[in-house]
Amino acid sequence: EKVAITKEQDALMKLIVEAYNKHQIPQDVTKKLLQEQYSTEENFLLLTEIATSQVQVLVEFTKNIPGFLSLDHEDQIALLKGSAVEAMFLRSAQVFSRKMPKGHTEVLEERIRKSGISEEFITPLFNFYKSVGELHMVLEEQALLTAITILTPDRPYVRDQQAVERLQEPMVELLKKLCVLQHPQEPQYFARLLGRLTELRTLNHYHAEMLTSWRVNDHKFTPLLCEIWDVQ
Ligand SMILES: CC(C)c1onc(-c2c(Cl)cccc2Cl)c1COc1ccc2cc(-c3cccc(C(=O)O)c3)sc2c1
């Protein structure tokens, strides 16, 4: 039967995409990727600055997700803390999938490879970037997938999981319809997108190890990152 987006779904879509477009890392931050010199220290500092800016952007985007601010306040914090790393993997992955202007892609890869991350995490990290790049997600899909990741009910310390499910469910339904409409020639595209969310969960584990190894080498994070990642 013909798949059609309802009026409500279209309104939800517009709100999510609007929020996604509105909240971006400022150009003066990302353009530093091209300017600062290359050293492990400099790369780490630059990535830390971008990640901090990304968390601020993520909080603003999340506040614009319909219904989020009506959730229990403790749960709002639990959802943000539980999804921040995954949302940032998704965000940084988009840089690799769309050909960034002025060769950001190569420069970002170089800086991540030389930021003190051990080889055992570099491989899964870039495998993820490659698998996201191969999906050629459109903006709507990127925005919805980020919102769905944030609204994952079974994050640690979430008390009212049903309330989160009630927000996530319509987004998953909408994404499913979008995938059918955007990729008619690829019926399993939606399943591939959800597969990325599963892969993201494993990356959380790697990221926790990355943080530990950076801290062992006395790398400092910003107060915002310390708060969202429960470090220091
Ligand atoms: C603290 C820091 C050292 C760190 O610790 N773990 C990670 C991490 C790493 Cl390595 C990989 C994945 C996830 C995390 Cl969380 C990081 C760096 O995290 C980030 C987070 C967001 C972005 C967005 C970017 C980006 C570039 C150009 C353009 C744009 C754009 O949106 O236009 C975005 S780069 C970038 C780097």
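In each ligand, atom 1 is the first atom listed, and ligand 1 is the first ligand listed. As the structure is a computational prediction, the values presented were derived from the model and not from experiment.
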Ligand 1 to W214, heavy atom cutoff 4.0 Å, flagged ligand atoms 3 (C), 5 (O), 6 (N)
Looking only at non-hydrogen atoms, the one of V107, T48, T222 nearest atom 1 (C) of ligand 1 is T48
Numbered in order shown, the ligand 1 atoms found under 4.0 Å of a heavy atom of I50 are 22 (C), 23 (C), 24 (C), 34 (S), 35 (C)
Pair F44 and H219, ring centroids less than 6.0 Å apart | yes
Query raised in the report: If you measure only the distance, is there a donor-acceptor pair under 3.5 Å linking the side chains of Y129 and E134?
Result: no
Below 4.0 angstrom, N of the basic side chain to O of the carboxylate: do R201 and D154 qualify? yes
To atom 14 (C) of ligand 1, the nearest of M210, H207, K31 on a heavy-atom basis is H207
Review point. With a 3.5 Å cut-off and no angle check, do the side chains of R91 and Q24 form a donor-acceptor pair?
Key: yes
Quick note on ligand 1: atoms under 4.0 Å from a heavy atom of L225 include exactly 1 (C)
Transitively linked via ILVMFWY side-chain contacts under 4.5 Å: L193 with V138?
no
message: Please tell me whether W214 and W229 are part of a single hydrophobic cluster in this structure, the criterion being side-chain heavy atoms less than 4.5 Å apart.
response: yes
Requested in this report: State whether the number of non-hydrogen atoms from other residues, nucleotides or ligands found under 6.0 Å of E227 atom CD is greater than 12.
Outcome: no
Residue set satisfying side-chain contact (heavy atoms from CB on, under 4.5 Å) with Q188, at least two apart, ordered chain then number -> E186, R192
- Query: Is any NZ, NE, NH1 or NH2 atom of the basic residue among E109 and R113 found under 4.0 Å from an Asp or Glu carboxylate oxygen of the other?
  - Reply: yes
If we number the atoms of ligand 1 from 1 as shown, the ones under 4.0 Å from a heavy atom of I25 are 23 (C), 33 (C)
Query raised in the report: Would you say F126 contacts ligand 1, with heavy atoms under 4.0 Å as the rule?
Result: no
Item checked: Nitrogen or oxygen of S92 less than 3.5 angstrom from that of ligand 1 -> no
ask   = Is Q94 in contact with ligand 1, taking contact as a heavy-atom separation below 4.0 Å?
value = no
At under 4.0 Å between heavy atoms, what of L125 touches ligand 1? The answer is side chain
With heavy atoms and a 4.0 Å threshold, my read on which part of F121 contacts ligand 1 is neither
Short version for V95: what comes under 4.0 Å of ligand 1, heavy atoms counted, is side chain
Counting heavy atoms under 4.0 Å, the part of L108 that contacts ligand 1 is side chain
Y129 heavy atoms within 4.0 Å reach ligand 1 at atoms 11 (C), 12 (C)
Check your understanding: Would you call Y206 a ligand 1 contact, heavy-atom distance under 4.0 Å?
Key -> no
#### Entry: Between T52 and T222, a side-chain donor and acceptor under 3.5 Å
yes
Ligand 1 to T30, heavy atom cutoff 4.0 Å, flagged ligand atoms 27 (C), 28 (C), 29 (C)
Between E41 and S39, does any side-chain donor sit less than 3.5 Å from a side-chain acceptor? no
Ligand 1 to L33, heavy atom cutoff 4.0 Å, flagged ligand atoms 26 (C), 27 (C)
